Structures are given as structure tokens and as C-alpha cells.
Protein chains: 2
Amino acid sequence: MTSNIISKSPRCHHNPQVSCGDCRLNSICLPISVHVDELDKLDEIIQRGRPLHKGDYLYHANDPFTSVYAVRSGTIKSIRITNDGEEQVTGFHLPGEILGMDGIAQNVHTNSAIALETTAVCEIPFARMEELSIKIPSLQRHFFQLMSQEITADQQLITLLSKNSAEERVASMLLSISTRNHRRHLSATLFRLAMSRADMGNYLGLTVETVSRVLSRFQKQGVLSVDKKEIEILDMDGLRKAARADVC
Amino acid sequence: MTSNIISKSPRCHHNPQVSCGDCRLNSICLPISVHVDELDKLDEIIQRGRPLHKGDYLYHANDPFTSVYAVRSGTIKSIRITNDGEEQVTGFHLPGEILGMDGIAQNVHTNSAIALETTAVCEIPFARMEELSIKIPSLQRHFFQLMSQEITADQQLITLLSKNSAEERVASMLLSISTRNHRRHLSATLFRLAMSRADMGNYLGLTVETVSRVLSRFQKQGVLSVDKKEIEILDMDGLRKAARADVC
DNA sequence: CGAGAGTTTGAAGGCAGTCAAAACTAGTGG
DNA sequence: CCACTAGTTTTGACTGCCTTCAAACTCTCG
């Protein structure tokens, strides 16, 4: 099931064929739950490859739901379309993270998923995953946990939007990205944001201008160094104080 | 497993012993997914009774996670505690609805659940439900769907908080309750709110004063009749226009 | 290089928050 | 049964944070 690899692959140094057992992200993507001998069965159903370019849709809202996806490299944003046609960013998905679980309830995606840069994903056909879950209880449990994590994360965002100021929201988001980078053994203090200021603002319930102003202020205070999308956290404690909110 | 019924039961006309098959809420709580002969097995693991009084906790944040709960009668609110000790209302749970799924990820509840009035719940031990899911695939699927529904609902709230004004938020919340009442074959236009103005405001990211002002304004406009916690929707279309947001 | 998108900065205005106090409700015990 | 108190809700006046509007600036990539 690896015949659909697109030939013009992006300049990515990871082998798109690598199995879950060899994937350096598997501690994030499949924590503890699946035994070595069972990984082979999982590998069989997972479709790899499918590199997306910036702006490409992984799926559209209202598409029939067939699969969930694990990000291998790159970044994806999830958006919902509101009644008046505006878009609401509901999440950013970094390597090792799973997206698409919103579609399970109705068998239809409620979000669209868009690549923010060149991005590779593993496609996990959900019906086959369900069948496999019956044979591998730890896989079932793992998916329950993944979905519960998503619920917890969404509720954290609800709290952020409901109770926190613009500065606190921006600080919290940067800390969240920092933490998730660190989990991937990347720098927690120096990284490149894949999303635009507009996406950040949309996600955080703020305007572009406010996001920009907050970043400028943090820079002036010596908490951050901001160069376009390159962010360096100069004063981690200062940023934590500015966030004043739980970050996963 | 029904020995733990508390003797001083509330003045509730529903028999706390009624099985899922006979429960008049089962079309909400267990939609389509479980067959008649399998309901017996489910009935066996569900613990009934446990009436809660106003202010009682069903579980506390940081309690070990053992079960999810279905509301039989009454209302429950879920709250998260933020870093600074404030509480954030993350949801209201009406009869037929399931709560507690936030605890699956970490095996610890991240929310507390509090009865807003005399409330009866069915307790569903999660470990046993997981075992049963392996034998009854439609039950597994149903739980995936329930959790996905929760994700979708949380994302709708995120959108509401991120994009909508105070009037729109209050209107949306009232419409949501109206819809959920209607699903239980209760009036969609005349009902009693179980939660205080403070809880409403907390849930919607608004202050008590703002909620009160918005309700007064709707009353003045003839959209609502508000008498304390008794709400009558006089102009459903007007309320929908005021909401200008998708309500499930 | 040039056009369009994205970002930054400034000035002004509005919506909801904060502070304050009155009106009302509910629960308690004499 | 009523008096009393604590809590909830409502209303008003003022403040402030973020938005809106506008314009200059910068980067990207055909």
C-alpha cells in the first residue's frame, strides 16, 4: 500500500518509507501503547508519502471522513468555517501529532486541514484502525487517549480565550510551541513559526495588529527576539510570567 | 451491583433501576449503536442510582479516572481550575449527555463535575466499557463518536469565544439549550436555566453584569421573557438572528 | 525588478470590564 | 411566621483593552 507515493517529493531528509517501528517520532505518535510485533500490523494499514505543499488541503470540511493523519514533517493548520464564511483556526499540528478526529462523530470532516509549509503525513484509514483496535486493545486505548488529549487541549484553549489578555494568549501559544518542539528534541528557545500573524491572531481570538504589537512589546522588554517568523525566547521565565496560564 | 443506591432518593418520578433498554433517554445516550441483546451486557456494568444534591461533586479534578457518567435527570457543570485558582466552566450536561471523557488521556480527571440541582447519573466504569467494546464493535464506534462530538462541541465554543459578541454568545447558548431540550421532547421555547448568571458568564467568557445586561436587552426587544431563571423564547427567529452562529 | 501579500506602527473609537450600589431572592433560625 | 442575613441579580457611571481604520514598510517570488 505504498504505491501512491508522489514522485516529486520535497527536499526532506527523512525516508518516507520508514516504518512506525523505525520512525523517530513514534514516542510522540504512539506512546507506549503498541508492542513491537503488533507494529507490523499497524504499518500495513498506514499509507505513507503524500507530501503536501504550502497551501495544499489535506482534507476539506464536509469531505467524507475516512482517515486520521499523523504529521511526519512540516505543519498543518485546522480551520472551521463559520456561518458567515469566516474561518476559525482550531489548531496547529506539528510532527508526531494526530489530526482529523473531529470527523468521526458525523463521518464528515467539520474542519479543513491546510499545509502551512511542505508537509508529509501518514494516513491512517479509520475503519481499518477500528478493526485492528479490536485485536489490539492497547491500540484502542491509545486512540481513546488521543481523543481525550484533543478534548483537554481544546478546553485549555477555551480557558485561554475566556480568561486571558492578549499578551497572555500570545505568550501561552509561544510556550506551547516551545514545549512541543522540545519534545521532538528541537530547540525550546529558538524556532521558526510556520504560521502567519493572521493565523496566530485568528487562533487566539485577536487581530493581526494586536499580535504584532504584543510581539513588538515582548521584544522591547527583552523577553523575545523576533525576526519575522524566527522567534528566540531570551527570557523563558519572563515569558512564563507573561503567560500566567497552564501550557500543556 | 446496585447495592449502593442511596436511600434518601430525591423526589424524582423516574425509576432509578430502569435499564438502558427501557430508558426514555436511550436514543440520545446510545444512538443506534447497540443492539437489543447486547444492551443486557451493557446494563450489567452500569451503576445506577447515586443521586446528587445541588453543589455535590460527582468527581474532583485530579481524582483518579475510573468512569464516565451519563446524566439521567438534573444538570451538571464541568469546571477546570486555572493556574491562579479561578474556575472556568467548560460545559453544562443535560439528561442523556455523557461527561467525564477528559480523564481518559491521563487517567486523571482534568475537570471537576458539580450538580447544579438534584441530579441522577449512570456511572459507566471505563475499563469494563473498554473490554466490552472489544466484543461489541458498535459500542467502540459509539464511544469514538461520543468523544468526537465532544471535540466538535468544544471547537464550536472556541469559535464562539473567538469571534462573537456578548449578545451573540448569550443568544447561542440559549439556542443550544433550547435545541437540547427539544431533543428530550421538552419545550424548546419555555424552560428553566439550572445555572446562575455567574456560571453563564464564566462559560461564555463574559462577566455577570454583561450577561444580565444582554438578557435585559433581549427582554426589552421582545425576543425573550426573562423571569429570574425562567426563560421564554418569544421570537425564535429574532434570537437566531441575534446569535448569528452555528448552534448544534 | 515589480506586484501583491504580509507585517508593523499610529490614532481614534467602541464594547465589555470594573467599580459601586441598589433591588431582589433564598435560606436560616428565632 | 417573620426577621435577618448572605447571596444573586440588576442597573448605572466610568475606564481601558482591543479593534478598527489608515498608511508606511518589508518580504517573497514570479
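In the text below, chain A, chain B and the rest are named by the order of the sequence lines, each starting its count at 1. None of the values given here were measured: they were computed from a predicted structure.
Put simply, OG on B/S162 and CG on A/L204 are 8.0 Å apart, with the number rounded to the nearest 0.5 Å. Here B/R217 contributes atom CZ and B/S212 contributes atom OG; the two are 10.0 Å apart, rounded to the nearest 0.5 Å.
In this structure, B/I233 and B/S178 have side chains that are in contact, with non-hydrogen atoms separated by less than 4.5 Å. Looking at heavy atoms from C-beta onward, B/L52 lies out of side-chain contact with B/T118 at the 4.5 angstrom threshold.
The environment of CD in B/Q106 is sparse: at most 12 heavy-atom neighbours from other residues, nucleotides or ligands sit within 6.0 Å.
Applying side-chain contact (heavy atoms from CB on, under 4.5 Å) to B/L224 and the options B/L234, B/V170, B/I231 leaves one that passes, B/I231.
Counting non-hydrogen atoms under 4.0 angstrom, A/G201 reaches nothing in the nucleic acid. When heavy atoms are screened at a 4.0 angstrom cut-off, B/S212 is found touching base atoms of the nucleic acid.
Under a 4.0 Å N-O distance rule, the pair A/E167/A/K241 does not qualify as a salt bridge.
A straight line from CD of A/E167 to C1' of D/dG16 spans 14 Å, rounded to a whole angstrom. One interatomic measurement links the two molecules: CD of B/E86 to P of C/dG17, which rounds to 13 Å at whole-angstrom precision. For B/K220 and D/dT11, the NZ to P distance is 6 Å, given to the nearest whole Å. Rounding to whole angstrom units, CZ of residue B/R197 and P of C/dA23 are separated by 19 Å. The separation between A/R217 atom CZ and C/dT8 atom P is 13 Å, rounded to whole Å. Between the P atom of D/dT10 and the CG atom of B/L224 lies a distance of 12 Å, rounded to the nearest Å. Rounding to whole angstrom units, CG of residue B/L204 and C1' of C/dA16 are separated by 13 Å. Across the protein-nucleic acid pair, A/L215 atom CG and C/dT8 atom P stand 7 Å apart, rounded to whole Å.
Under the ring-ring contact (aromatic ring centres under 6.0 Å, His included) criterion, the residue pairs touching residues 71-102 of chain A are A/F92-A/Y203, with sequence neighbours excluded.
Residue B/S196 places its side chain closer to D/dT9 than to any other of C/dA16, D/dT19, D/dT9.
End-to-end axis angle of the helix from C/dC1-D/dG30 to C/dG30-D/dC1, using five pairs per end and rounding to 10°, comes to 50°.
A sub-4.0 Å separation between OP1 or OP2 of C/dT9 and a side-chain N or O of A/S216 is present.
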Mark up nucleotides 20-30 of chain D, 5' to 3', with B wherever a protein heavy atom is under 4.0 angstrom from a base atom, S wherever such an atom reaches only the sugar-phosphate, and - elsewhere.
BB---------
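With hydrogens and angles disregarded, a donor-acceptor distance shorter than 3.5 Å links the side chain of B/D102 to the backbone of B/T110.
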